[in-house]
Every structure is written in C-alpha cells, then in structure tokens.
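All values reported here derive from a predicted model rather than from experimental measurement.
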Amino acid sequence: MKVQRLPNSKTKMAFAAIIMKKAFHSASGQLSNSPQGICNVRMSGEELLSRLLDRKWALTSPDSKIHQIKLFTTTEKHGGGPLGGISFLNNTCPFLGDDMIMRDEDRCFYVVRDDLLHPLVNGNKARKMDALLPLLEDHIVTDLVTCGGCQSAHATAVAVSCAERGLKSHLLLRGEQPQILTGYNLISTIYGKVTYVPRTHYAHRIEMLKSYANLVAGNNGDVVWCNEIFEASLTAQKSRASCLGQMDAHKGIDNCRKKVLIVNEGAGDAVALLGVFRLLQYLSQDHLLGRKRAIKFVVDAGTGTTAVGLGLGAICLGLPWEVTAIALVDTIDGYKQQEKNLISEFKRLFGFLLKKSSLNEVDGEIVHWVERCRPRKFGNVFEGEIEACHRIAQLTGILVDPVYTLAAWEMATLLSDEKLKQDADVVMLHTGGTLGMFGLAQRI
C-alpha cells in the first residue's frame, strides 16, 4: 500500500486511525462477517493487554525480584517518624502464589525490586522507556532532547539509555550548575550533553524544548515529539517512513541529517504506560502475586505516570488491586488532573481497541492519591530520615532514599498494620533512587 503525504495534521490523524482499524480488522477472523466491525468484538482483559503489548521492548524480560519485609516492634526508639520503633527483616525467597495466603500471617509487606533493573537507570524510568526506546531505532532517531531538575533521575535515564544505543542526548536542566557534581547530575554530565537553563526560561518548558530541538536539528533536520512517533508506529506501516512525513528513512541520501525527538519532562506520556502494563502482566501470574488475592499496591509519585499505569493495568486484567500513590511533587488535585490527562491520551491513542473494554468507561479515580506521612515541600529532608535510610539498608540490604522511596516504605509499613484486618497484602514498588542519596551531598 502506497502512503502519500497528507495536507494537514487532522487528516493525517484520521488516515492513521483508518489504517489502524483496517489492520486490526484483518488480524481478527471474527470481524470478517461483522457489519459493524470491531465494535461487535468483545475482548477479554487478557486479549486486550496482549494486543497492547505485542511490540518490541527495550528490556529483554519484564521480570523483577520480589522480597518480603517482616516487621517487628522494638522497645528501642530510633528517631521519630513512623519507623521509630520498628525493626525489619528481609526474606529474599518468600512464598508466593497460593502459598502467600497460608504463610504470610506475620506483619509484613512485599517489595518489587525494580531498583535492581539497571545500575544507573531507576526502575520506574526503565519501565517508562521500555516501549519507547525501540521506536527510536525504527524511526532512525539521532538525537533526543528532554529536560528536568538538576538532580533529575529522568535526565540520567535518558542519557544512559541513549548512550547505550549510540544516540546523542541533550539534557536541559533547571537552574545553575552545582559547584560539585554528584548523584544524577554527575551521571547525566558523563553520559549526555547538559545545558543549564535559567528558571525563568525553564518555566516555559514546551517553548524551551521546541527551540532547543530546532537548534540541534539545524536547517535540514527533523523534529518530532514522543507521541508523534508512537502514533506513527500504530499504523503498522512496513515502510520506515512515518505518515507524519517528518522522519525519512533514506540514510543513504544524507547520513548527516538529524532526526531529533522531544521527550517531555519525566517521560510522562501515554507510551510510558505500556511498560508498566507489562510489569503488571508479569506480577499477576499465578505463581507470583496472582489475580485473586486483594493487594494494596504502594508507589511514590513524581509525575504519577507509574501509578496511573498500575491502576489502568489492574482494571484491564480485572485485578482486585488498589493503587496508593504518595504525592511528593504536586498537590493531590494536580495529580488527579494528571491522571485524567494520561487516561484521556491513552484512550485517544488506543480507542480503536477499547470499544468493548471496561477501560473505555474509565475517566479517573483509579489511583488513591495520599499525602506523605509527614507532608513537606518537595525535596525537603526531615531530621532522622537519613538515619532511617541507614537502618533500613543495614537491616534489609535495601537502599531507599529520603526524597522518594522512603515515603513509599513508610506508607507500606503503615498499611501493613491494616493488612490482617482487611485481608489484603501490601506490595511496594521500589522505583530506585540510589543515586539520589549521593545527590544529597550537595545539601547535607
């Protein structure tokens, strides 16, 4: 099928949607005799998820280790806060599957060790880019532009992942260059090209990203956004040229021509949800967490994308799982709006698959957003929290940081008190944050 360039963006989007529907139509024998096509097909949650996840991935496997943390009350007080009188023991080989029901009567919670996925890339960042990174190769991307704070885990993940694939990363970091480079900032500087942007300029992120990307692309280069190449990939075109007409595959014509991709701050795009779905599909296997046991899933929230992905995936598979996300960067109302935005974008992209899915009726309120045990301005570290991280590391061998993952650990500890009353297991997703501890050297 020959694809011609189209006159405007609306027509392009409509044309892409037609192609996607035709591709889906031909892939399902059930549609061939149906006058209304896809609308008459009722897909199970498993079938829907299989279609969503039928693609190339950056991670060779979705696997993640699961540990069990047992809690004990002690007479010794180790500082204030919710962990003051509690000791921990890490069981690295816990009973899972059906055995969880019979053997986890102690006060405990489980930890999904996504912090072990990569030595430099946080687990939640690796999941967010799981579906995106293969598209860079498919669309012959040469450069990637993104932004973040001075100690941005997202910027580091982009820099390292691009370098591993021979791509150039351009990182626009808010504020001034620190006197001493540490933590994520140091790794970003080693692996990518860092530019420090005044806060007044950084406040206008979209314009800032566009302007810098155009500068990188030069007169002959192309600039596209993350969701644009993702939408182009959904057309299932065998040709490397996208319907957007912006990313030519003619490397032989001009090897120096740049193809610059813009990724939003924190990679908070709908494509990032797919990597979280993949993790959820893995965890819900019968020999791991299963699909029948009630679970309270706990995660710390930066952009909130991971939490929304967990919530949508749980609904898709019909899991009796409740997602609790600790609001660290934005307000509760801000996260609720971000949740609605992500769901809306997801439904726009995959609407052709959701006609008869329960996900089509979801607009929000799939995540329970809560304040941190001790609320504060983002980035602030209270007295005793560094010591709490030390104790957790010494007792369990698990490193958490005081800004993000300690908040999730505290919430999981509190929810474990309710576990026996509500007959629900508590599971914390450890998103990483090791380098965040080193970044604190700039302030502490």
Side-chain angles (χ1 to χ4, degrees), residues 13-14 16-25 27-28 30-31 34-55 127-128 131 227 230-231 234 268-284 289-299 301 303-325 327 330 332-370 424 429:
M13 289 176 64
I18 292 171
I19 294 176
M20 288 188 284
K21 289 182 180 179
K22 286 184 177 179
F24 183 78
H25 187 287
S28 176
Q30 301 177 62
L31 294 177
S34 171
Q36 296 182 19
I38 191 170
C39 294
N40 283 342
V41 177
R42 180 78 183 186
M43 283 191 293
S44 68
E46 291 83 357
E47 290 171 330
L48 173 59
L49 207 60
S50 294
R51 290 188 182 277
L52 290 173
L53 302 185
D54 183 18
R55 61 184 60 254
R127 298 291 180 188
K128 287 181 180 181
N227 275 347
F230 184 59
E231 288 180 48
L234 292 177
D269 299 292
V271 63
L273 299 173
L274 297 179
V276 185
F277 289 175
R278 190 183 183 212
L279 169 63
L280 209 67
Q281 185 185 56
Y282 164 76
L283 293 175
S284 62
L289 300 182
R291 300 190 178 190
K292 299 178 181 178
R293 184 83 166 152
I295 288 177
K296 289 182 177 291
F297 228 103
V298 180
V299 63
T303 62
T305 307
T306 301
V308 174
L310 291 171
L312 280 175
I315 292 174
C316 183
L317 291 174
L319 303 174
W321 296 8
E322 176 186 301
V323 180
T324 297
D330 206 346
I332 298 293
D333 288 340
Y335 277 113
K336 288 181 177 179
Q337 185 59 52
Q338 170 66 354
E339 177 183 347
K340 289 181 179 180
N341 293 342
L342 274 173
I343 293 173
S344 175
E345 179 69 5
F346 174 78
K347 289 163 69 174
R348 185 183 70 81
L349 289 172
F350 295 102
F352 70 104
L353 284 176
L354 304 179
K355 297 293 185 182
K356 287 290 185 177
S357 167
S358 57
L359 289 183
N360 199 41
E361 302 172 2
V362 174
D363 292 314
E365 298 185 358
I366 60 174
V367 177
H368 181 45
W369 304 99
V370 298
L429 178 59

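Between L279 and L429, some side-chain heavy-atom pair lies under the 4.5 Å cut-off. Counting heavy atoms from C-beta outward, V308 and I366 have side chains that approach closer than 4.5 Å. F346 has its side chain within reach of L52: a pair of non-hydrogen atoms, C-beta onward, lies under 4.5 Å apart. Two residues are said to be in side-chain contact when any heavy atoms from C-beta on lie closer than 4.5 Å; L317 and E46 meet this criterion.
Residue L349 comes nearest to A270 through the heavy atom pair CD1-CB, 3.7 Å, listed as atom of the first residue, atom of the second, then distance. Listed here is the closest heavy atom pair of V299 and A307: CG1-CB, 3.8 Å. Closest heavy-atom contact between E339 and V367: OE2-N, 3.5 Å. When all heavy atoms of G268 and L342 are compared, the pair lying nearest together is O-CD2, 3.7 Å. Q338 and T303 get closest at one heavy-atom pair: CG-O, 3.4 Å. Counting all heavy atoms, side chain and backbone alike, G309 lies closest to F277 at O-CE2, 3.2 Å.
For S284, there are no side chain to side chain donor-acceptor pair (under 3.5 Å) partners at least two apart in sequence or on another chain. Residues satisfying the side-chain contact (heavy atoms from CB on, under 4.5 Å) criterion with A314, sequence neighbours excluded, are L280, L319, W321. Take Q281 and apply the side chain to side chain donor-acceptor pair (under 3.5 Å) test, not counting sequence neighbours, and it matches no residue. Here D330 pairs with nothing under the side chain to side chain donor-acceptor pair (under 3.5 Å) rule; sequence neighbours left out. Residues passing the side chain to side chain donor-acceptor pair (under 3.5 Å) test with K336: none are found, sequence neighbours excluded. Every residue two or more places apart in sequence or in another chain was checked for a salt bridge (Lys or Arg N to Asp or Glu O under 4.0 Å) with E365, and none qualifies.
Taken from CD1 in I332 to NE2 in H368, the straight-line distance is 8.5 Å, to the nearest 0.5 Å. The distance from the CD1 atom of I295 to the CG atom of L283 is 8.5 Å, given to the nearest 0.5 Å. Atom CG of residue D54 and atom CG of residue L49 lie 11.5 Å apart, to the nearest 0.5 angstrom. Here the straight-line distance linking atom CZ of R127 with atom CG of L310 works out to 10.0 Å at 0.5 Å rounding.
Residues F350 and F230 place their aromatic rings such that the two centres sit under 6.0 Å apart.
With respect to the salt-bridge test (charged N to carboxylate O, under 4.0 angstrom), the residues D269 and K128 do not qualify.
Checked by atom type, the side-chain pair E231/N227 shows no donor-acceptor distance below 3.5 Å.
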